[in-house]
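Values below: every heavy atom of this structure, side chains too, minus hydrogens, waters and symmetry copies. The first residue in the sequence is number 1, and the count goes up from there.
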Amino acid sequence: MAKMDGNTGPESEAVLEEPSSAPELSLLQVLEDVGRFLKSLSSTHDTSNNLPDVPNSVKSLLKMIQKMITKYDSNAKFGQNQEDDSSFIESLNCISKLINVLGEFPSNSTTASCFNRASTIQRLAMSMLDGEFRLILESCNQGNDADLKSPKPSKQSSFGSHPESDYCVVPESKSREDEEFPSYAPEAISKMNRIATAMISSGYESKCCMVYSLVRRNAFSSELDKLGYENISTENVQKMQWQSLEGAIAMWLSVIKHCSSVLFSGERKLCSSVFSEYPSISQRLFSHIALTFAVRFLNFADAIALTKRSAEKLFKILDMYEALRDLIPVFDYDTSSSECSEELKSQIWAVKGRLGEFAVSIICDLENSIKRDNVRTPVPSGAVHPLTRYTMNYLKYACEYKETLGQVFQQHQKKEGSGESKGPESDIKSGANDDYGTPKSSPFSAQLNSVMDLLDENLDMKSKLYRDPALSYIFLMNNGRYILQKIKGSDEIHDMMGDTWCRKRSSDLRQYHKAYTRETWTKLLQCLNQDGLQVNGKVSKAVLKERFKTFTTMFDEIHRTQSTWVVSDEQLQSELRVSVSAVVTPAYRSFVGRFQQHLAHGRQIEKYIKYQPEDIENLIDELFDGNTTSMARRRT
């Protein structure tokens with residue numbers, strides 16, 4: 001039926017001019033009499049003849065409702081007297097039933113005049129309720145530019161004389177997480193519920209929903225403005241430098257999280273409260289409002305997924321992925337989701353998937369960067385290679401997102417068709433180990449192991465660039481120790497690699513240590529061997545002098561060279577010095593103590609025995625300091 005959105009006018013006056021000969025009855029009596037009339041109409045099978053006369057109670061009811069509307073339009077506002085409001089709503093429900101029943105009869109019947117007058121009264125009532133509904137809705141939408149952390153009272157509504165506090169709770173200063181949105185008083189929500197129920201039951205669902213949706217969209221938009229959120233087009237995203245994009249992403253993340261925890265949940269709660277009698281309408285309204293703004297967020301995320309890949313973007317991309325993942329449950333509040341809600345969730349899944357593929361590509365690019373790092377110049381002094389530092393630090397931070405990356409790679413594997421998945425997030429939990437400390441297989445753990453294997457291969461290739469095999473082993477120890485310490489120092493990456501991998505790495509380091517000792521100190525210790533010192537049963541002074549001279553020359557060369565080498569890990573440096581001293585110092589002390597008596601005293605001893613055992617021990621403690629100031633660096 002046609003609807004009217006104006007105030008009382010000629011139609012209203014026409015109704016008031018209708019004379020009534022009915023005796024003065026109470027509203028309850030009138031409603032009961034009208035109810036009996038409706039029952040008699042409902043039992044009339046012939047819609048053209050023998051129709052019952054319209055009782056005076058119908059005319060009385062219309063006049064009563066007219067008076068109520070006039071009263072509401074003056075100073076007695078809807079919601080101020082609950083008893084009056086209940087009577088008004090009950091009367092409207094009765095009129096609505098009357099219109100529905102009379103509408104089944106021909107327009108030329110004796111009921112046509114009553115039908116038209118009832119329809120006019122209903123339109124006037126709906127117009128009044130529509131205005132009240134809008135007024136209450138907008139009572140908390142008199143937005144200012146106040147920051148959400150310190151909200152201030154809004155200005156008084158310009159739609160009526162109600163003070164805003166009648167409908168809106170003005171919160172004290174709160175954090176964003178503690179803020180209530182929207183901040184309607186319980187009384188205001190109750191009034192909106194009664195109005196919405198009356199309008200929908202009277203056939204004015206479209207009008208009611210249109211007003212609600214318009215006002216709440218404006219309110220939601222105002223909240224985003226307060227947060228400082230601005231739309232950035234896909235074209236502009238592609239043009240922006242990463243530093244600027246980082247700031248935009250940080251704002252996006254903040255807004256998305258606030259929407260997930262406060263705005264969307266608050267909007268859904270309000271919808272459910274106002275339209276509690278009509279759950280499907282509530283769900284549809286919320287989904288449409290949420291979709292309006294979620295699309296804006298998704299467009300930005302989609303634009304980011306289209307930018308050029310670079311390693312520095314991984315962590316922001318994963319933050320965005322997590323934000324969208326956490327947004328999805330907001331729209332899973334009802335198993336019988338509306339078409340709009342399903343469309344929204346589908347769009348979120350799609351964009352989240354593209355962000356996930358972006359992250360997978362970045363991790364795969366890390367593999368390629370390791371493969372391409374084939375510089376033929378060795379790192380000076382056998383120090384930790386920059387590639388090792390970069391890769392391990394990158395993986396350490398990446399593994400802080402191990403659960404998210406587990407989901408990302410599981411979905412990637414499913415997309416590639418190389419594995420089965422139980423559901424959208426059904427990855428094997430990253431970092432779960434078996435009873436032997438070995439991580440259970442998952443796509444991300446497999447990817448991580450692949451990166452580590454590539455790094456090992458690259459470092460092994462780089463170790464062969466050194467001319468001195470001993471320095472090669474120092475290089476392998478430095479890098480191996482750095483990798484092991486990074487993994488042990490991070491629970492996240494340690495859980496991914498497992499205890500078995502760490503034990504294997506420790507074993508490799510011990511082998512490098514032995515190989516270094518063999519390459520450097522074996523020949524030196526041969527100088528302290530007693531074999532060949534005696535000729536015809538006596539110690540040969542010439543051979544002994546040559547032994548001391550050779551030992552001193554070799555030791556000086558080792559000291560001069562290896563004091564320029566670098567072992568940055570203090571524990572490894574100490575372990576190397578202690579192990580070398582434990583091998584060399586006792587052997588040298590024993591050799592000197594046994595054979596120095598065979599040399600003439602005085603200058604001859606000083607000439608051939610340059611160092612005392614304590615000197616050897618002190619000089620060993622100078623190894624691996626990277627000291628290049630006083631000694632020439634030996635070419636590698």
Determine, stepwise, if the pair L395 / T391 fulfils side-chain contact (heavy atoms from CB on, under 4.5 Å).
CA-CA 6 Å; L395 293 179; T391 302; 4.0 Å; yes
Quick one, L448 with C399, criterion side-chain contact (heavy atoms from CB on, under 4.5 Å). Give me CA distance, side-chain angles, the key distance, then yes/no.
CA-CA 9 Å; L448 186 62; C399 284; 3.9 Å; yes
Given E235 and S233, is the side-chain hydrogen bond (donor to acceptor under 3.5 Å, both in side chains) satisfied, shown in steps?
CA-CA 5 Å; E235 183 180 359; S233 68; 5.2 Å; no
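In this structure, S506 OG and R503 CZ are separated by 9.5 Å, a value rounded to the nearest 0.5 Å. Expressed to the nearest 0.5 Å, how far CD of E230 lies from CG of N236 amounts to 11.5 Å. Separation of atoms CD (Q530) and CG (L544) is listed at 11.0 Å; rounding is to 0.5 Å. The CZ atom of F293 sits 11.5 Å away from the OH atom of Y229 when rounded to the nearest 0.5 Å. Interatomic distance, CZ of F624 versus CG of D569, reported as 13.0 Å (0.5 Å rounding). Taken to the nearest 0.5 Å, the CG atom of L324 stands 6.5 Å off from the CE atom of M320.
Residues L224 and C259 share a closest heavy-atom pair of CD2-SG, 4.1 Å. For the pair D621 and R577, the tightest heavy-atom approach, listed with the atom from each and the gap, is O-CZ, 2.9 Å. When every heavy atom of I620 is checked against every heavy atom of S581, the shortest pair comes out as CD1-CA, 3.8 Å. Nearest heavy atoms, D326 versus P329: O-CD, 3.3 Å. For the residue pair L572 and M477, the shortest heavy atom distance occurs at CD2-O, 3.8 Å. Closest approach of I304 and T307 over heavy atoms only: O-OG1, 2.6 Å.
With hydrogens and angles ignored, the 3.5 Å screen pairs no side-chain donor or acceptor of D302 with any backbone N or O of L298. Between the W565 side chain and the L623 main chain, no donor and acceptor come within less than 3.5 Å of each other. Formation of a donor-acceptor pair under 3.5 Å by the K313 side chain with backbone atoms of K308 is found in this model. For the pair S579 (side chain) and L576 (backbone), a donor-acceptor distance under 3.5 Å is present. Proximity of a side-chain donor or acceptor of T564 to a complementary backbone N or O of T561 within less than 3.5 Å is detected. At least one donor-acceptor pair under 3.5 Å links the side chain of N299 to the backbone N or O of V295. A side-chain donor-acceptor contact under 3.5 Å links T552 to the backbone of F548.
Note on R505 versus D456: salt bridge recorded, some NZ/NE/NH1/NH2 to OD/OE distance being below 4.0 Å. Salt bridge E367/K371: absent, no basic N to carboxylate O contact under 4.0 Å. With salt bridges taken as basic N to acidic carboxylate O contacts below 4.0 Å, none links E403 and R325. Using a 4.0 Å cut-off between a side-chain N of Lys or Arg and a carboxylate O of Asp or Glu, K226 and E223 qualify as a salt bridge. Look at K402 and D491 and you find no salt bridge, because none of the NZ, NE, NH1 or NH2 atoms lies under 4.0 Å from a carboxylate O. Salt bridge absent: R354 and E357 never bring a charged side-chain N and a carboxylate O closer than 4.0 Å.
A centroid separation of less than 6.0 Å is found between the aromatic rings of F315 and Y394. Aromatic pair F409/F444: centroids less than 6.0 angstrom apart. The distance between the ring centers of F264 and F220 falls below 6.0 angstrom. Ring-centre distance between Y611 and Y588: not below the 6.0 Å cut-off.
In the displayed structure, E614 atom CD is contacted under 6.0 Å by more than 12 heavy atoms of other residues, nucleotides or ligands. A 6.0 Å sphere centred on NZ of K257 holds no more than 12 heavy atoms belonging to other residues, nucleotides or ligands.
For the 3.5 Å distance criterion, the side chains of Q411 and Q407 fail to qualify, holding no donor opposite an acceptor.
Looking at heavy atoms from C-beta onward, L528 lies out of side-chain contact with R547 at the 4.5 angstrom threshold. Between C364 and H412, every side-chain heavy-atom pair lies at or beyond the 4.5 Å cut-off. Using a 4.5 Å heavy-atom threshold, the side chains of D460 and E457 count as separate. Between H494 and D499 the shortest side-chain heavy-atom distance falls below 4.5 Å. Proximity of V379 to K462: side-chain heavy atoms (C-beta onward) are nowhere separated by under 4.5 Å. Counting only heavy atoms from C-beta outward, the side chains of R481 and V567 never approach each other to under 4.5 Å. Counting heavy atoms from C-beta on, the side chains of L291 and Q347 come closer than 4.5 Å. The shortest distance between side-chain heavy atoms of I558 and W521 falls below 4.5 Å.
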